[in-house]
2 protein chains.
Amino acid sequence: MTATAGSDGRPATISDVALLAGVSVPTVSRVLTGSARVTPGKQDQVERAIAQLGFRPNPAARQLSSRAAGAIGVLTADTSIHGYAETIRGIEEEARANGTAILITVIESAEEERVEQAVEAVLSHPLDGVIALKFDPAGVAALRRLPRSLPVVALAGARDHSRSQVLLAEKEAGRALTAMLLDLGHRTVHHVRIPSSSRNSGRAAGWRRALQDAGRAVPPPLDTGWDPRDAVRLGRLMALDDQVTAVFCGNDEIAMGVMRGLIDGGRRVPDDVSVVGFDDHPLAPLWTPSLTTARQDFAALGRLGVRLLREQLAGGGRVCRSLEPSLVLRASASPPRSG
Amino acid sequence: MTATAGSDGRPATISDVALLAGVSVPTVSRVLTGSARVTPGKQDQVERAIAQLGFRPNPAARQLSSRAAGAIGVLTADTSIHGYAETIRGIEEEARANGTAILITVIESAEEERVEQAVEAVLSHPLDGVIALKFDPAGVAALRRLPRSLPVVALAGARDHSRSQVLLAEKEAGRALTAMLLDLGHRTVHHVRIPSSSRNSGRAAGWRRALQDAGRAVPPPLDTGWDPRDAVRLGRLMALDDQVTAVFCGNDEIAMGVMRGLIDGGRRVPDDVSVVGFDDHPLAPLWTPSLTTARQDFAALGRLGVRLLREQLAGGGRVCRSLEPSLVLRASASPPRSG
DNA sequence: ATGAAAGCGCTAACAC
DNA sequence: GTGTTAGCGCTTTCAT
């Protein structure tokens, strides 16, 4: 039971196996791929030889002649942000169930050079197709540079008719969350906006819509990056403003930061200020007070994306699907103190 | 400016480029790889032809003849757990800086079949080497099945002299955290244990050591999985026991769950019960009360892992490096109420 | 500096 | 069923 062929350290090849098994190379290939039947006796000898040599088919050679990579590329921004991480988890899960691996490339920023680099990286590997997370401008830019000939599916972001896509229907949830706050008696609802693929993400659009529907002024949204520590600063700032009694945050991690800042600034949540988030982060129910939010099934987004890509590879056309978030009412939103 | 060669949809090959540029195939290869100088004039024609045809070298063919994949495999458990996610982020970052992509395969559990499947998946792709996260039993099992001939580095877990490895020196931090609690006046410190590569993770060993050093009885550790909701249940249970005044949790997310359970059970943190975590999760400083913990630089772990792999690929030998966590004292630990 | 020829390790096409 | 013959699209000798 040796792992090498002959005396040298060179890995065994299919012809080593053929030689040892006393059959031809294509016969070995046949038992490898199961593409045709082989006499049980030879089948056995081949399997024995494979085991004895510790033979593994060379993936590159295999792909060069068969044209299937068995891998899909994933283009994404920072993988440690909850929504991205969960989506990737879903992609990996579904891909693996299908015997497919995923090759991840992070787009560091929306700068031309970074985007180009990420796309280059993806295209320089043997891939059957690509899934691009289009939560942010970097994803949008990358998507634009992907060759038309490559099977691609876009996840989230604005509708793009030129490719298969899974949409996140966030607008209605954003509207409902805001309307709920208004119904509670708040005069207006402030919004802390996270980076998004377009000027207004679905959630922000829903927020705006709810305020307009209720005939309220729309306060200028506050912008933040992904780091919750930035949100703490914004929370401290908002603590200074008595007009702020309800805040709709772009996501749960930002909401947690804002709550912290508000509390640092001497305000109580939800007694003085109500705070709601978006996405339903796993820690949202554990927070004190537990966080009211809209649940997004990012893992399902990822899984669905892989399925659409698979359909496309099987010759299907461009498809568009949509996923709806659901409201999760918890303790961080309540009526304003004095109305 | 067409993206295809000829009238069919077939992607352009190097010989299409050679034909159009009026040079030989190897010459095109030379400008592609920069392996040898080419007359500026021809260089120009070749580049023009490449652009005109939208030519991209076929990665599989390239790899078959040159033997470098430009990708490394990553074997990991659930990617959405903080420590794993951050480590992967570090790996990706360092790999990308080096023009290398990462192919991620998740090991679903430590079951033989799952492990085998994950290893198969990794080996069936063109890879220069593999980095395995050895935080848990699944990682350990996978590592054992990886062929000796493949360049591999192990991240975290118990020392394994047969491969390059980056160790997390958690024992001392676990000891210090526990000793700190004891110094505060707590009679003993309870431990909630997360899954780990060996029966006792470094952090748990440090906890045990501190108690033994202080001559205290070692209470049986409580076991939990990764889901913070399980920790909430444990917290509720612990709230019932007056003997519990200090809890050292296997990681921060678990600590947050335990705190929630404790509070649900009517105990105050840290007034009635002190709780400390491990890892310094990004939300740890934002929690109420802010969480005392030991900071681990998982991203550095990942980056270092890639560097060791690179050294190995360049012909270097097996190396072992170690990373030390640092204590972060915040508000969740305080002296016990009555001493 | 450049082209002709060989070969990377496998699968596909075609005889038998 | 099985072996023989051709490639897949590149890089790498090796002449020139």
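In what follows, every heavy atom counts, from backbone to side chain, and hydrogens, waters and symmetry copies are set aside. Per chain, numbering begins at 1; letters A, B, ... match sequence-line order.
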Using five base pairs at each end, measure the axis-to-axis angle across the helix from C:dA1-D:dT16 to C:dC16-D:dG1 and round it to 10 degrees. 30°
Find the distance A:Arg62:CZ to C:dT11:P and express it as a whole number of Å. 5 Å
From CZ of A:Arg56 across to P of C:dC8 the rounded distance in Å is 21 Å
Taking OP1 and OP2 of C:dT2, is either one under 4.0 Å from a side-chain nitrogen or oxygen of B:Thr27? no
Show every side chain to side chain donor-acceptor pair (under 3.5 Å) that has at least one partner inside residues 103-114 of chain A, sequence neighbours left out. A:Glu108-B:Arg96, A:Glu112-A:Arg145, A:Arg114-A:Gln117
Please examine the side chains of B:Thr13 and B:Asn58, heavy atoms only from C-beta on, and report whether any two atoms are closer than 4.5 Å. no
Close N/O contacts between protein and nucleotides 12-16 of chain C (under 3.5 Å):
from	atom 1	to	atom 2	distance (Å)
C:dA13	N6	A:Arg30	NH2	3.3

Hey, could you give me each pair passing salt bridge (Lys or Arg N to Asp or Glu O under 4.0 Å) that has a residue in residues 124-133 of chain A? Not counting sequence neighbours. none
Partner set under salt bridge (Lys or Arg N to Asp or Glu O under 4.0 Å) for A:Glu120, not counting sequence neighbours: B:Arg56
Would you tabulate the side-chain donor-acceptor contacts of residues 70-87 of chain B under 3.5 Å, counting partners in other chains and residues two or more places apart, or write 'none'?
from	atom 1	to	atom 2	distance (Å)
B:Asp78	OD1	B:Ser80	N	2.8
B:Asp78	OD1	B:Ser80	OG	3.0
B:Ser80	OG	A:Glu86	OE2	3.2
B:Tyr84	OH	B:Asp136	OD2	2.2
B:Glu86	OE1	B:Arg89	NH2	2.9
B:Glu86	OE2	A:Ser80	OG	3.2
B:Glu86	OE2	B:Arg89	NE	3.1
B:Thr87	OG1	B:Gly83	O	2.6

For B:Val38 and for A:Asn58, locate the closest nucleotide of DNA chain C by heavy-atom distance; then report the residue assigned to the nucleotide nearer the 5' terminus. B:Val38
By salt bridge (Lys or Arg N to Asp or Glu O under 4.0 Å), which residues pair with B:Arg303, not counting sequence neighbours? B:Glu93
What range of DNA chain D does chain B touch, first nucleotide to last, counting atoms under 4.0 Å from its heavy atoms? D:dG9 to D:dT13
Write down the distance between CG (A:Leu19) and P (C:dG9), rounded to a whole number of angstrom. 15 Å
For residues 151-162 of chain A, which side-chain donor-acceptor pairs fall under 3.5 Å, sequence neighbours excluded?
from	atom 1	to	atom 2	distance (Å)
A:Asp160	OD1	A:Ser162	N	2.9
A:Asp160	OD1	A:Ser162	OG	2.7
A:Ser162	OG	A:Arg148	NH2	3.0

Given atom CG of A:Leu53 and atom P of C:dC10, what is their separation to the nearest angstrom? 11 Å
ring-ring contact (aromatic ring centres under 6.0 Å, His included) pairs, two or more places apart, involving residues 17-46 of chain A: none
Measure CG/A:Leu64 against C1'/C:dT11 and give the value in whole Å, please. 10 Å
With no hydrogens and no angle check, is any side-chain donor or acceptor of B:Glu92 less than 3.5 Å from a backbone partner on A:Val106? yes
So salt bridge (Lys or Arg N to Asp or Glu O under 4.0 Å) across residues 30-45 of chain A, not counting sequence neighbours, yields A:Asp44-A:Arg48
ring-ring contact (aromatic ring centres under 6.0 Å, His included) contacts touching residues 89-122 of chain B (sequence neighbours left out): none
Using whole Å, report how far CG of A:Leu32 lies from P of C:dC10. 8 Å
